[in-house]
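Report on the following structure.
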There are 2 protein chains.
Amino acid sequence: MAHSQAAKAQTHERILRVAAERLRQTGIDRLSIADLMKEAGLTVGGFYKHFRSRDDLVVEALGSVLGGWERELDESPTEPDEHYFPGLVERYLSEDHRDNPGTGCPIGALVGDVGRSSEPTRELYTKQIRRNIRLLARLLGDSSSPPRRQQAILAYSAMLGAIALSRAVSDQPLSTEILASVKELLVKDASRGPQKKTAKTADAVLTRHRRRATRRNQEKT
Amino acid sequence: MAHSQAAKAQTHERILRVAAERLRQTGIDRLSIADLMKEAGLTVGGFYKHFRSRDDLVVEALGSVLGGWERELDESPTEPDEHYFPGLVERYLSEDHRDNPGTGCPIGALVGDVGRSSEPTRELYTKQIRRNIRLLARLLGDSSSPPRRQQAILAYSAMLGAIALSRAVSDQPLSTEILASVKELLVKDASRGPQKKTAKTADAVLTRHRRRATRRNQEKT
DNA sequence: ATTATCTATAGATCTATAGATAATGC
DNA sequence: ATTATCTATAGATCTATAGATAATGC
């Protein structure tokens, strides 16, 4: 039964991956170690040779999934880029993202839980939230009043609130309306800068990013 | 030991009140019936003469706290009122609200949990969310493009996202910056209509509402 | 007699550990 | 010999119920 060290490392990663998905689906409190291990193809006993405690697992799993998103963001433009922003918003506030929290943004899925979590978890989230605000501020480009950073915080808050609302609401049309409204206003606002842009141009940009987002999703699967 | 029927009704209310506070503090999953009853000055056994199940309690407790907020909103202006909005936002995104989820907005505290909850709970929340969007749209007054309702959805999303972020983040300055940024942009945006308003007027409204909130809190204790 | 609450406990579930088993790796 | 995983289980905790107790209310 005992596999090699290499196999153990793979097992470790598999547990983390399953945990990260389950955490985003069920919330931090409802993850059970027996269920987790079963889904990873193992039994309870093995768990504690991989993690000192359940809390340790939660921190490590969230850290690893945040790390993945971080690496992805590092590929994003380092210069102000108004083209990137609409695609990001469109992807974030898509029905696809709403319906698949397990593979979606870990901050959107668990920001409420983290508010009641241990210090290590909150610190992980704080770091990533700060990073995301900076990224958005960078993307927002030319606006100077209101300051980019302030606008980034508003946009980020609205995105998180909208995805949470859209998941809580049991009425599909309302859920979709929430996503569409925030999407439209955020994108419009961002393109209201010095160089004016027609709705047509914005749509073209949007579509391009939609395609890009779809491609990315397909790569994942 | 058996008290009167009137006493039972009081006990019922007490259990609900404690539950509603604990739910907002700990999240839906972490409420234990033994703890709840102890805090209400009772023991576990009595619980099931008041509620058929834990789930029933959760629905009833959230329903009662949402109902309270609903009655309060019914006192709010039925006509477009730009004076009311800044006070509302200021109160919602205050450090006081951030630090006291137990007595704060049940949607802000639990919107994430509700996304993973049973249908009855989600329906309760859906009704109240719809109501709040309508209220905000009413308050936003004169803007016609973008449509008031769309703006209301953006503002509401941003408020919920900002309060959740401010509670998740372990760094005080960042937490306060998030609240202040969203507050300022939402209020500025709303007063960008025809009649311009000085900061002074907004402050006056705010103070009035703060007093009202304080009085209400004192009544509760 | 009815019933509001209490004590006690059944049964489920969850975290964590102990000891067994079987493959790795010196 | 070491160790990755398994089986089994201790101990805690949680929901829900059964039966006892003592006050209400016809």
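Residue numbers start from 1 in every chain, and the chains themselves are labelled A, B, ... in the order their sequence lines are given, proteins ahead of strands.
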Considering all heavy atoms, the nearest [X]-[Y] contact:
{"X": "A:S166", "Y": "A:R98", "answer": "OG-CG, 3.3 Å"}
{"X": "B:T103", "Y": "B:W69", "answer": "O-CZ2, 4.3 Å"}
{"X": "B:A168", "Y": "A:T126", "answer": "O-OG1, 4.4 Å"}
{"X": "B:V182", "Y": "B:A162", "answer": "CG2-CB, 3.8 Å"}
{"X": "B:L140", "Y": "B:R148", "answer": "CD1-O, 4.0 Å"}

Check: Counting just side-chain N and O atoms, does A:T11 come under 4.0 Å of either OP1 or OP2 of D:dA4?
Finding: no

Check: Under 4.0 Å between a side-chain N or O of A:S4 and OP1 or OP2 of D:dA4?
Finding: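 A:S4 to D:dA4 OP1/OP2: no side-chain N or O under 4.0 Å.
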
Atom-pair distance ([atom1] on [X]; [atom2] on [N]), nearest Å:
{"X": "A:M37", "N": "C:dC14", "atom1": "CE", "atom2": "P", "answer": "15 Å"}
{"X": "A:Q10", "N": "D:dT5", "atom1": "CD", "atom2": "C1'", "answer": "15 Å"}
{"X": "B:K38", "N": "D:dC14", "atom1": "NZ", "atom2": "C1'", "answer": "14 Å"}
{"X": "A:D35", "N": "C:dA12", "atom1": "CG", "atom2": "C1'", "answer": "13 Å"}
{"X": "B:L42", "N": "C:dT7", "atom1": "CG", "atom2": "P", "answer": "11 Å"}

Next item on the list: For DNA chain D, find the residues of residues 43-63 of chain A with a heavy-atom distance under 4.0 Å and give them by number; none if there aren't any.
Entry: A:T43, A:G45, A:G46, A:K49, A:H50

Check: In residues 26-34 of chain B, what residues come within less than 4.0 Å of DNA chain D, judged by heavy atoms?
Finding: B:L31, B:S32, B:I33

Next item on the list: Could you check which nucleotide pairs with D:dA22 in any of the strands shown, counting Watson-Crick or G-U wobble with both distances under 3.5 Å?
Entry: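 In the structure as shown, D:dA22 has C:dT3 as its Watson-Crick or wobble partner.
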
Item checked: Any-strand Watson-Crick or G-U partner of D:dT9, both distances under 3.5 Å ->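 Answer to the pairing question: C:dA16, which forms a Watson-Crick or G-U pair with D:dT9.
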
Next item on the list: Specify whether A:H97 and A:Y92 have parallel, tilted or perpendicular ring planes, treating 30° as the upper limit for parallel and 60° as the lower limit for perpendicular.
Entry: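 Judged by the thresholds at 30° and 60°, the geometry between A:H97 and A:Y92 is perpendicular.
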
Notebook entry, point to check: Any ion pair linking A:D29 and B:R116 (charged N to carboxylate O, less than 4.0 Å)?
Noted result: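 Salt bridge absent between B:R116 and A:D29.
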
Notebook entry, point to check: Charged N to carboxylate O under 4.0 angstrom, B:R130 versus A:D171?
Noted result: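 Result for this pair is yes, salt bridge flagged.
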
Check: Run the side-chain contact (heavy atoms from CB on, under 4.5 Å) check on B:Y156 and B:I129 step by step: do they pass?
Finding: CA-CA 9 Å; B:Y156 194 41; B:I129 287 164; 4.0 Å; yes

